[in-house]
Amino acid sequence: MNSELYRNIIRCRNDTKREIAIHAAVYLLLAVLCVFGFIGVKSNESLESAIGFALTFAVGLGVYAFFSIRKMKSNIALNHRREERLNALSETQLAALDTETEGSQMQYKTFYLLDEYFYAPKYKLLIRYDEIREFKNIIHSTNGIKDSIFIVITDTDGYVFEISVKQWKEYYKYCSSTAAAVYAKQRNTIN
């Protein structure tokens, strides 16, 4: 496919390969550290201490592996879903989306609001509006100080995509002013 949009989103395959390689390298490094730790403890202490060290290290590695493999499976499933959505489009549709993207302005340096699609290039997400079940803005704060906003999109199949808004302060002002306008409109119609 010659579409720029297609080339950007299909890179999610590389993300999957890179994630698997990173996790494999970390597991290998931890296994090597366990072996060297076992040898070091055995030479300085007793065999029982070395076995205790190895068992403790193995339990820690198991807990880490459980959570990281869960996260990796989730990311692989999301990347697969992105690829499925992309492959469902024809070349004509991709060309039309490319043209529409070129003519649109990127919102808050993060996403495009196209006629029928929400497109976040950095996150390789292209989703039809009618495939969005839930769209939430989550304000992140550290020690009570707001420091970012995440958009969390849940599609109709239950997949959850998280997007960090680059110009989050402007987006927050927009959301606050829109919410205030909706509240005022509702208040005026009720009275």
Side-chain angles (χ1 to χ4, degrees), residues 1 4-88 106 108-111 118-127 131-168 171:
M1 300 266 186
E4 181 69 32
L5 189 132
Y6 181 86
R7 286 193 305 268
N8 179 42
I9 295 175
I10 204 66
R11 283 190 232 144
C12 66
R13 286 181 188 166
N14 294 337
D15 292 348
T16 299
K17 292 174 187 173
R18 181 177 46 242
E19 187 158 342
I20 290 170
I22 289 171
H23 282 281
V26 168
Y27 297 141
L28 181 63
L29 176 67
L30 290 174
V32 168
L33 288 174
C34 181
V35 169
F36 283 130
F38 177 82
I39 292 169
V41 171
K42 184 179 174 208
S43 66
N44 292 332
E45 303 275 332
S46 65
L47 179 62
E48 292 82 21
S49 297
I51 291 173
F53 168 79
L55 289 175
T56 304
F57 201 89
V59 168
L61 182 62
V63 169
Y64 171 74
F66 173 76
F67 288 110
S68 66
I69 287 173
R70 238 173 83 185
K71 178 70 173 159
M72 184 175 62
K73 283 182 179 179
S74 171
N75 287 342
I76 289 171
L78 290 177
N79 287 337
H80 184 68
R81 184 67 179 137
R82 286 179 179 108
E83 193 174 339
E84 282 177 354
R85 269 202 192 95
L86 187 63
N87 290 330
M106 184 179 274
Y108 309 101
K109 293 188 177 182
T110 307
F111 56 85
F118 178 89
Y119 175 46
K122 180 179 177 187
Y123 297 92
K124 299 168 188 69
L125 176 62
L126 178 69
I127 186 170
E131 292 179 338
I132 297 174
R133 180 175 35 169
E134 185 176 36
F135 187 100
K136 293 191 301 190
N137 294 315
I138 297 179
I139 301 168
H140 182 268
S141 61
T142 304
N143 296 331
I145 299 171
K146 295 175 182 132
D147 57 8
S148 63
I149 292 182
F150 295 95
I151 297 173
V152 179
I153 297 173
T154 306
D155 73 3
T156 53
D157 294 327
Y159 291 98
V160 178
F161 301 92
E162 190 173 293
I163 298 166
S164 176
V165 179
K166 192 168 186 175
Q167 292 179 331
W168 68 271
Y171 183 68

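Basis for what follows: all heavy atoms, side chains included, without hydrogens, waters or symmetry-related copies. FYI, the numbering just counts along the sequence from 1.
Listed by chain and number, the residues in a ring pair (Phe, Tyr, Trp, His ring centres under 6.0 Å) with Y64 are Y27 (sequence neighbours excluded). Remark: D157 pairs with R81, D155, Y159 by the side chain to side chain contact (heavy atoms under 4.5 Å, CB included) rule, at least two apart or across chains. Evaluation of the ring pair (Phe, Tyr, Trp, His ring centres under 6.0 Å) rule for Y119 yields Y112 as partners, not counting sequence neighbours. Legend: residues meeting side-chain hydrogen bond (donor to acceptor under 3.5 Å, both in side chains) with Y171, ordered by chain and number and at least two apart, are N137. Partners of N75 under the side-chain hydrogen bond (donor to acceptor under 3.5 Å, both in side chains) rule, at least two apart in sequence or in another chain, are E19.
Here CD1 of I20 is found 4.0 Å from CD1 of I76. Values are rounded to the nearest 0.5 Å. Between the CG atom of L125 and the CG atom of L86 there is a distance of 11.0 Å, given to the nearest 0.5 Å. Note: S74 OG to N79 CG = 9.5 Å, rounded to the nearest 0.5 Å. How far NE2 of H23 is from CZ of R18: 11.5 Å, rounded to the nearest 0.5 Å. For the atom pair NZ of K73 and OG of S68, the computed distance is 11.0 Å after rounding to the nearest 0.5 Å. Separating the NE2 atom in H80 from the CG atom in N87 is a distance of 9.5 Å, to the nearest 0.5 Å.
T154 places no side-chain N or O within 3.5 Å of a backbone atom of R133 that could act as its donor or acceptor partner. With hydrogens and angles ignored, the 3.5 Å screen pairs a side-chain donor or acceptor of T56 with a backbone N or O of G52.
Annotation for P121 and M106: closest pair CG-CE, 3.6 Å, computed over non-hydrogen atoms.
Within the 4.5 Å cutoff, no side-chain heavy atoms of Y123 are placed close to those of I153. Side-chain contact between D147 and H140 is present, with heavy atoms from C-beta onward closer than 4.5 Å. Residues K122 and T110 fail the side-chain proximity criterion, which asks for heavy atoms closer than 4.5 Å. Residues I127 and R85 meet the side-chain proximity criterion, which asks for heavy atoms closer than 4.5 Å.
Residue pairs meeting the ring-ring contact (aromatic ring centres under 6.0 Å, His included) criterion with at least one member in residues 32-61, sequence neighbours excluded: F53-F57.
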